[in-house]
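What follows is a set of notes on a single structure, which appears directly below.
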Amino acid sequence: MEKHSFEEHRQSLAGKFEKRRTLYTIYFSPTGGTKKVADIVSRALSNERESGGWEMKEIDLSPAGTDYSQYHFTREDICIVAAPSFGGRVPGPVLERLKEMEGGHAKTILAAVYGNRAFEDTLLELEDTLVLAGFDCKAAVAAVAEHSIMHQFGQGRPDAEDEKELAGFAARIRERLEKESGGQEEAAGVLQGEQTGRIPGLPGNRPYREYGGVPFKPEADNSCTGCGLCAKECPAGAIPAEKPSSVDKEKCISCMRCVSVCPRHARDLNRLVLFAASQKMKKACSGRKKNELFI
C-alpha cells in the first residue's frame with residue numbers, strides 16, 4: 001500500500017471539505033424582478049470566491065408542491081435568501097417554505113425587493129423566520145425592482161446603476177464574512193452576551209404592519225385555452241387545474257405569476273381598477289428609491 005505523509009493526507013481532506021462548501025441562491029420571484037437582484041448579488045460573491053471552490057446552487061421557492069424540508073444547510077454554506085415585499089411584508093408562501101428548511105447556522109444574506117414604494121417590515125419578518133429556522137443572518141439588502149403589478153413604478157430596475165451598487169454591497173459583505181472566518185468574531189460575540197444570528201439595526205417593527213393583500217386578482221379572458229400552465233405555476237395553489245380560467249380569490253396573493261407565464265396573455269387585472277389604484281400610489285412610488293445595505 002502506498003504511504004502518504006500526514007500533510008498530504010490533511011491537504012486531501014481539506015480538498016474534499018472545500019468542495020462541500022456551497023453558495024445557495026434561495027428566491028421567490030413570481031415575475032422575475034427578485035431573481036434579478038439575487039443573481040446580481042450571487043454573481044458578485046461567487047466571482048470573488050472562484051478560487052475557493054464554491055459550488056453554486058439555486059432553490060426556487062415558487063413551486064407549491066415541493067417538499068422544502070429536504071433542504072439542510074451547514075456552517076460552511078452561504079445562503080442568499082431573496083423575497084419580494086408585498087405591502088411591506090414577506091409573502092405567506094415564502095415564510096411557510098423557509099420554516100420547513102434546516103438552516104444549520106449557514107451564513108445568510110437577506111434581500112427584500114420592492115417596487116419603488118417601501119419595504120417596511122419585510123427584512124425584519126424575513127430575519128425572524130430565518131433565525132427560527134436556524135440560519136445565521138449576516139447582512140441584508142433592500143433593492144428596487146420594477147413593480148410587478150404597476151410596471152411604471154421602478155420601470156427597468158434593477159438597471160446598470162443598480163447592478164454596480166449591488167455588486168459593491170456584495171464586496172462589503174464578503175469583507176465581513178472574511179473577518180469572521182474561523183469563527184473568531186462569532187465566538188467573541190457569544191462571550192460578550194451578544195445575540196448572534198441577527199443583523200444589528202435592521203429596520204422594521206413588531207408587530208408587523210397589517211397586510212390583507214390587494215383587492216384585485218388576475219382573471220382569465222375569453223382567449224384562455226385552458227392549457228393549465230398558470231395552475232401549474234401558481235405559487236399559492238389558487239388556480240384549479242380542472243378549471244384554469246378561474247381563480248380562488250381567498251388563496252390568490254396577486255403575485256402576478258399567472259400573468260407573466262400565460263402564453264396567450266389571457267390573464268390580467270381589471271384595467272379601470274388598476275388605473276385607479278396606480279393613481280393612489282403615484283405619490284408614494286414617485287422618484288428613484290435607493291438600494292440599501294444593512295450589515
Side-chain angles (χ1 to χ4, degrees), residues 27-38 60-64 82-95 111-123 125-126 142-159 162 208-221 223-224 229-239 244-291:
Y27 62 92
F28 182 80
S29 186
T31 59
T34 298
K35 190 175 189 303
K36 286 180 182 178
V37 170
D60 185 357
L61 295 174
S62 297
S85 177
F86 285 5
R89 298 283 303 276
V90 182
V94 177
L95 300 176
V113 183
Y114 67 106
N116 208 54
R117 187 189 67 82
F119 62 91
E120 286 142 323
D121 299 334
T122 307
L123 283 175
E125 185 175 26
L126 187 59
V144 178
E146 186 173 297
H147 199 287
S148 60
I149 298 177
M150 304 167 197
H151 303 289
Q152 68 270 34
F153 303 133
Q155 189 171 22
R157 298 185 71 181
D159 55 23
D162 292 317
Y208 314 124
R209 74 190 307 270
E210 291 186 12
Y211 176 64
V214 296
F216 34 84
K217 313 294 181 182
E219 297 181 284
D221 60 26
S223 63
C224 174
L229 181 60
C230 56
K232 180 181 177 181
E233 294 284 336
C234 178
I239 303 173
S245 61
S246 63
V247 61
D248 185 332
K249 294 185 178 181
E250 294 298 317
K251 289 184 178 180
C252 178
I253 59 173
S254 301
C255 70
M256 308 303 286
R257 177 95 168 176
C258 60
V259 174
S260 67
V261 301
C262 179
R264 296 184 64 84
H265 308 289
R267 299 186 76 90
D268 210 342
L269 298 170
N270 182 289
R271 292 294 177 178
L272 291 176
V273 175
L274 184 59
F275 175 77
S278 65
Q279 290 300 107
K280 289 183 178 180
M281 289 183 63
K282 191 173 183 179
K283 183 177 180 180
C285 296
S286 63
R288 183 184 175 92
K289 300 295 194 304
K290 64 179 182 178
N291 304 305

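- Side-chain contact check for Ser278 versus Cys285: every heavy-atom pair is 4.5 Å or farther apart.
- Atom CD of Gln279 has more than 12 neighbouring heavy atoms from other residues, nucleotides or ligands inside a 6.0 Å radius.
- Considering every non-hydrogen atom in both Val90 and Ala83, the closest pair reads CG1-CB, 4.4 Å.
- Once rounded to the nearest 0.5 Å, the distance linking CD of Glu125 with OH of Tyr211 reads 12.0 Å.
- Between Arg209 and Asp121 there is no salt bridge, since no side-chain nitrogen of the basic residue lies less than 4.0 Å from a carboxylate oxygen of the acidic one.
- Using a distance-only test at 3.5 Å, with no hydrogens or angles considered, a donor-acceptor pair links the side chain of Ser254 to the main chain of Phe216.
- Counting only heavy atoms from C-beta outward, the side chains of Leu269 and Pro218 approach each other to under 4.5 Å.
- In this structure, the side chains of Val247 and Lys249 come closer than 4.5 Å at one or more pairs of heavy atoms.
- A donor-acceptor pair under 3.5 Å is absent between the side-chain atoms of Thr34 and the main chain of Ser29, judged by distance alone.
- Within the model, atoms SG of Cys252 and CZ of Arg257 stand 13.5 Å from one another, a figure rounded to the nearest 0.5 Å.
- Counting all heavy atoms, side chain and backbone alike, Asp60 lies closest to Pro63 at O-CD, 3.3 Å.
- Residues Tyr114 and Val144 have side chains in contact (heavy-atom distance under 4.5 Å, counting atoms from C-beta outward).
- Pairing each heavy atom of Asn291 with each of Ala143, the nearest pair is OD1-CA, 3.2 Å.
- Separating the CZ atom in Arg157 from the NZ atom in Lys289 is a distance of 9.5 Å, to the nearest 0.5 Å.
- Atom OG of Ser85 sits about 10.5 Å away from atom CG of Leu126, to the nearest 0.5 Å.
- Taking 4.5 Å as the limit, some side-chain heavy atom of Pro84 sits within range of a side-chain heavy atom of Pro91.
- The two residues Val273 and Asn270 make their nearest non-hydrogen contact at N-OD1, 3.0 Å.
- Taking 4.0 Å as the cut-off between side-chain N and carboxylate O, Asp162 and Lys36 do not count as a salt-bridged pair.
- Looking only at atom types and distance, the side chain of Ser148 has no donor-acceptor partner in the side chain of Thr31 under 3.5 Å away.
- Lys251 and Ala238 get closest at one heavy-atom pair: CB-CB, 3.7 Å.
- A distance of 7.5 Å separates CD1 in Ile149 from CZ in Phe86, rounded to the nearest 0.5 Å.
- To the nearest 0.5 angstrom, Ser286 atom OG is 8.0 Å from Asn116 atom CG.
- In plain terms, the two heavy atoms of Cys258 and Ile239 that are nearest each other are CB-CD1, 3.7 Å.
- The shortest side-chain heavy-atom distance between Cys224 and Arg267 does not fall under the 4.5 Å cut-off.
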